[in-house]
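Before any comments, here is the structure.
Naming convention: chains lettered A, B, ... in sequence-line order (proteins, then strands); numbering from 1 in each chain. Not measured: the values here are computed from a predicted model.
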Amino acid sequence: DAGVTQSPTHLIKTRGQQVTLRCSPKSGHDTVSWYQQALGQGPQFIFQYYEEEERQRGNFPDRFSGHQFPNYSSELNVNALLLGDSALYLCASSFQGGDSNQPQHFGDGTRLSIL
Amino acid sequence: KNQVEQSPQSLIILEGKNCTLQCNYTVSPFSNLRWYKQDTGRGPVSLTIMTFSENTKSNGRYTATLDADTKQSSLHITASQLSDSASYICVVSDPYSDKLIFGTGTRLQVFP
C-alpha cells in the first residue's frame, strides 16, 4: 500500500519561471492538502482540494494554483517564481468521510530551489 | 504572534536520556492537537493525536500530555535513541476552518 508520493523530489528553477509539482494521495484518500515549508520553519497551509475543487485556501497569492484530478491526484502550480518561493513543498492526504481525528499522511516533499 | 509556539527551538541530549518538549497554543477551541516527527529531508509523520478531552496519549517511548485549561501540551521522550534526532512539530486543528496550524518545531539532536 503506497503512501503519499510526490514528484519530482528536487527541482531547480530561475526567477520568473513557472513550476508544476505533483502528488498522488495514499490509497483510499480523497482529499489533498498542500503546504510550503521554509527552512527551519513549520509547514504553512497553501490550499486543500476535495472533489476536484479548491475547498480552502491559506494566505498565498494567486500565483499559487492547483488542480485535483478524478483519480484524486493533485498538482500545485506556481507562476512567476520568486527567490522567496524556495522551500520544501509538502503534500498531505486524508479521507474526507473519515474521523476528523485521523492523521493526515504526508509525502516526503519536493525541494524547490529558485536561483 | 504565532498561534502555536514551541520550546525550546533546539535541544541536544545524550543517548538514553529523557527529554520533554513544550507547546503553547492560543487556538481555542480546537478539534485536536497533534505531534509530528519530521526527519531531515522527509515529510512529517504522526506520533500522537489528542482531542480536547484527552489528557495523555502514548506511542511507544513517546508520551504527549495536554492541559486544555492552560493551553499547553508536552511531548516526553523516554530513553532516547539516536534515531530520535529529528524535528518535532506541534499542530493544532482549527474546528471552524478544519485547517492545521503548525508550530515551528523543536530540533532534537541525540548524541552517543
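Scanning residues 33-45 of chain A against chain B with a 4.5 Å heavy-atom cutoff picks out A:Y35, A:Q37, A:G40, A:Q41, A:G42, A:P43, A:F45, ordered by number. Heavy-atom proximity under 4.5 angstrom to chain B picks out A:L88, A:L90 from residues 77-94 of chain A. Residues of residues 106-115 of chain A that come within less than 4.5 angstrom of chain B, heavy atom to heavy atom, are A:F106, A:G107, A:D108 in numerical order.
Transitive grouping of hydrophobic side chains (ILVMFWY, heavy atoms separated by less than 4.5 Å) brings B:I101 and B:L66 into a common cluster.
Shown here for A:P8 and A:L21, the closest heavy-atom pair between the two residues is CD-CD2, 4.4 Å. Across all their heavy atoms, B:Y36 and B:S46 have their closest contact at CD2-N, 3.3 Å. Among all heavy-atom pairs drawn from B:T104 and B:Q6, the shortest one is N-OE1, 3.8 Å. Between A:S74 and A:V32, the shortest heavy-atom distance links the atoms CB-CG1, 3.7 Å. Heavy-atom minimum distance, A:F64 versus A:R57: O-NH2, 2.5 Å.
Side chains of A:E51 and A:D30 form no contact here, defined as non-hydrogen atoms less than 4.5 Å apart. Looking only at side-chain heavy atoms (C-beta outward), B:Q109 and B:S10 stay at 4.5 Å or farther from each other.
Among residues two or more places apart in sequence or in another chain, the side chain to side chain contact (heavy atoms under 4.5 Å, CB included) test is passed with B:D67 by B:D69, B:T70.
Side chains of B:T63 and B:S58: a donor on one and an acceptor on the other come within 3.5 Å. Between the side chains of B:T20 and B:Q22, no donor N or O sits under 3.5 Å from an acceptor N or O.
In this structure, no portion of B:Q9 lies under 4.5 Å from any heavy atom of chain A.
Counting non-hydrogen atoms of neighbouring residues, nucleotides and ligands closer than 6.0 angstrom, the CZ atom of A:R15 reaches no more than 12 such neighbours.
Judged by distance alone, the side chain of B:S80 and the main-chain N or O of B:K17 form a donor-acceptor pair under 3.5 Å.
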